[in-house]
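Beneath this line is the structure, given in structure tokens, with notes to follow.
In what follows, residues are counted from 1 in the order of the sequence shown. Because only heavy atoms are used, hydrogens play no part in the values below, and waters and symmetry mates are left out as well, while side chains stay in.
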Amino acid sequence: MSQPPALDERSLERDTLAREVERRRTFAIISHPDAGKTTLTEKLLLYAGAIELAGAVRGRKTGRHATSDWMEIEQQRGISISAAALEFELRGHHVTLLDTPGHQDFSEDTYRTLLAVDSVVMVLDAAKGIEAQTLKLFDVCRTRRLPILTFINKLDQPSKDPFELMDEIERVLGVAAAPMNWPLGDGVDFRGVYDLEGHALLVYERQRGGTRNAPIAVTDPADPLVADLVGERRQRELIEAVEIISGAGTRYDETAYRAERLTPVFFGSALNDFGVEPFLNAILTLAPSPAERLSETGTIVSPTDPQLSGFVFKIQANMNPRHRDRVAFFRVCSGRLTKDMSVQHERLGTTLRLSRVYRFFGRDRETVPEAYAGDVVGLVQPGQLAIGDTLYAGTPVRFPPIPQFPAERFATLRPGDVRHKRFDEAVNQLAEEGLLQVFMPISGFRHPVVGVVGALQFDVIAARLQSEYGIQCTVDTLPYTGARWPVAESEQTPSLTLPLTGVLLVKDRKGRDVLLFASDWELRYIAERNPRVKFNELSD
Ligand SMILES: Nc1nc2c(ncn2[C@@H]2O[C@H](COP(=O)(O)OP(=O)(O)OP(=O)(O)O)[C@@H](O)[C@H]2O)c(=O)[nH]1
Ligand SMILES: [Mg+2]
């Protein structure tokens, strides 16, 4: 038996853990579609020195694409579909950034990602303010107690008045908005931002997109240098704005930010590389390092606890054509993860050796020898890991389950050529990712019926079957709007009485009965006719 480590060895380990945790920043970028998350992500990578050239969301065929939109269908359509993890080192910090999809059809992936981070960057389109999906995601952040930094993007286009935007954040989201810098003009008239803390002017020069302007120090908004740089009219406006902000405006307060009562607000234009560098600095200095987490039973898991723990929040197959494997994205919550270590698989009650541990940069991966709380690592353990699984070493722990969204749209998948085994395997792999739920009809054609949250996911399924598995597939949409798992009260419960139309009885992957129904009317009918049966919305 090995000896327990000596006292000073243990305190040395504690110091290392504390230091590693302290320097970690793990955050997700969220917003309504098209606000500029992926563009901002790309520019943050550029300023962090993690990439040399920035790609674009709508790159020309031969052009560079944004690192986080690595999937073929993302590049074709210019939207994000799947959350992408990007990890890099910057000025002594270890940063993990997760770019999420904004479209509500992919929001389950975004919700799962929000479980894996310690804070959030919220991007607003300056012309649009708080949009519907941003509001929904904000509510999720609030229940998960995630501090939020705000980046108001696209100031190079006609924008709402900045005071109106501050007011909208406070009114609609119900948090204080503390401007950290202030824009001078907008659209064609956009001249730059004034750093309210540092008293410096960052001047925007339209023609010089991509170049790194340094902020110019001024004594205050009334400094004659300001007029030289942006003109007298803009200076007068700035003086007035700063007076209002220092009088009645909200000032940054760390405690309030950490308690999700306040969001620091920055202005800029991601596409034009403007205001990105100060924002990156703010992420490093303001965003919190990994905090304690609660297990399912309510025990506190400290990030500096020497025993490893964490959970799988995402599975993605075929990320790299050279490695056709399934990656389980694992958020480390405590301890140190080392390659080849043995861990306990909480759900299966087995021991697992972590032989393939990667860190990710969009599609690219590299082997990592170790990881700490806050890190998101990719584990390749074929067939052994599912979304929501907890892994630990030492004292048993289980993290709360990850809720699955109920499917609201259904379709039959018809493969073109018939290589059934490969097709079934492909559909099952996509089901493991949580992209779809698979059902088998009881009678008629044996083509699988799939359920998804949003209609765009059908396009993703067809595109991925084609590009990742070489399977041409037709998606025939079905008129159903929901699924229920009937559970009989007892063995004596009579068999189901169903309406003649508007329902379909299918089996799930575990062979259980599932009812698909076309509207609430059928569901009510079924519930009334079968009083001794419970109809569960989710399978487990
Ligand atoms: N004018 C202008 N356009 C921008 C700016 N930032 C992003 N865009 C454009 O806005 C569009 C959407 O940008 P994305 O970065 O894909 O937005 P997103 O939030 O990642 O979108 P989803 O991932 O699909 O939710 C693209 O055409 C960008 O080029 C900006 O600062 N100014
Ligand atoms: Mg995007």
Residues forming a side-chain hydrogen bond (donor to acceptor under 3.5 Å, both in side chains) with Ser107, sequence neighbours excluded: none
NZ/NE/NH1/NH2 to OD/OE distance under 4.0 Å, Arg142 and Glu260: no
Trace of the side chain to side chain contact (heavy atoms under 4.5 Å, CB included) decision for Leu435 with Val460: CA-CA 9 Å; Leu435 178 62; Val460 177; 4.2 Å; yes
Partners meeting ring pair (Phe, Tyr, Trp, His ring centres under 6.0 Å) with Phe410 (sequence neighbours left out): none
Pairwise side chain to side chain donor-acceptor pair (under 3.5 Å) hits with a residue in residues 448-459, at least two apart: Arg77-Asp459
Partners passing salt bridge (Lys or Arg N to Asp or Glu O under 4.0 Å) against Arg23 (at least two apart in sequence or in another chain): Glu20, Glu89
side-chain contact (heavy atoms from CB on, under 4.5 Å) involving Ile300 - partner list, sequence neighbours excluded: Glu292, Leu294
Salt bridge (Lys or Arg N to Asp or Glu O under 4.0 Å) against Asp109, all qualifying residues, sequence neighbours excluded: Arg112, Lys314
Leu456 backbone acceptor or donor facing Asp105 side chain under 3.5 Å: yes
Trp485 and Asp508: side chain donor to acceptor below 3.5 Å: yes
Residues which pass salt bridge (Lys or Arg N to Asp or Glu O under 4.0 Å) with Arg261, listed by chain and number, not counting sequence neighbours: none
Partners passing ring pair (Phe, Tyr, Trp, His ring centres under 6.0 Å) against Phe329 (at least two apart in sequence or in another chain): Phe360
Under the side-chain contact (heavy atoms from CB on, under 4.5 Å) test, residues paired with Ser342 that sit two or more places apart: Thr351, Arg353
Under 3.5 Å side-chain donor-acceptor pair for Ser334 and Asp305: no
Whether Phe106 and His103 hold their rings parallel, tilted or perpendicular, with breakpoints at 30° and 60°: tilted
Check: Pro101 main-chain N/O paired with Lys37 side-chain donor or acceptor under 3.5 Å: no
Side-chain donor or acceptor of Asp375 paired with backbone N/O of Val377 under 3.5 Å: no
Residues in ring pair (Phe, Tyr, Trp, His ring centres under 6.0 Å) contact with Phe330, at least two apart in sequence or another chain: none
Residue pair Gln384 / His345, side-chain donor-acceptor N/O under 3.5 Å: no
Non-neighbouring partners of Tyr111 that pass ring pair (Phe, Tyr, Trp, His ring centres under 6.0 Å), sequence neighbours left out: Phe405
Check: Gln133 main-chain N/O paired with His32 side-chain donor or acceptor under 3.5 Å: yes
Residue list, salt bridge (Lys or Arg N to Asp or Glu O under 4.0 Å) with Glu72, at least two apart or on another chain: none
Residues Glu370, Lys339: salt bridge by 4.0 Å N-O rule: no
Qualifying residue, where the test is ring pair (Phe, Tyr, Trp, His ring centres under 6.0 Å) with Phe279 and the options are Phe274, Phe27, Tyr47, Phe151: Phe151
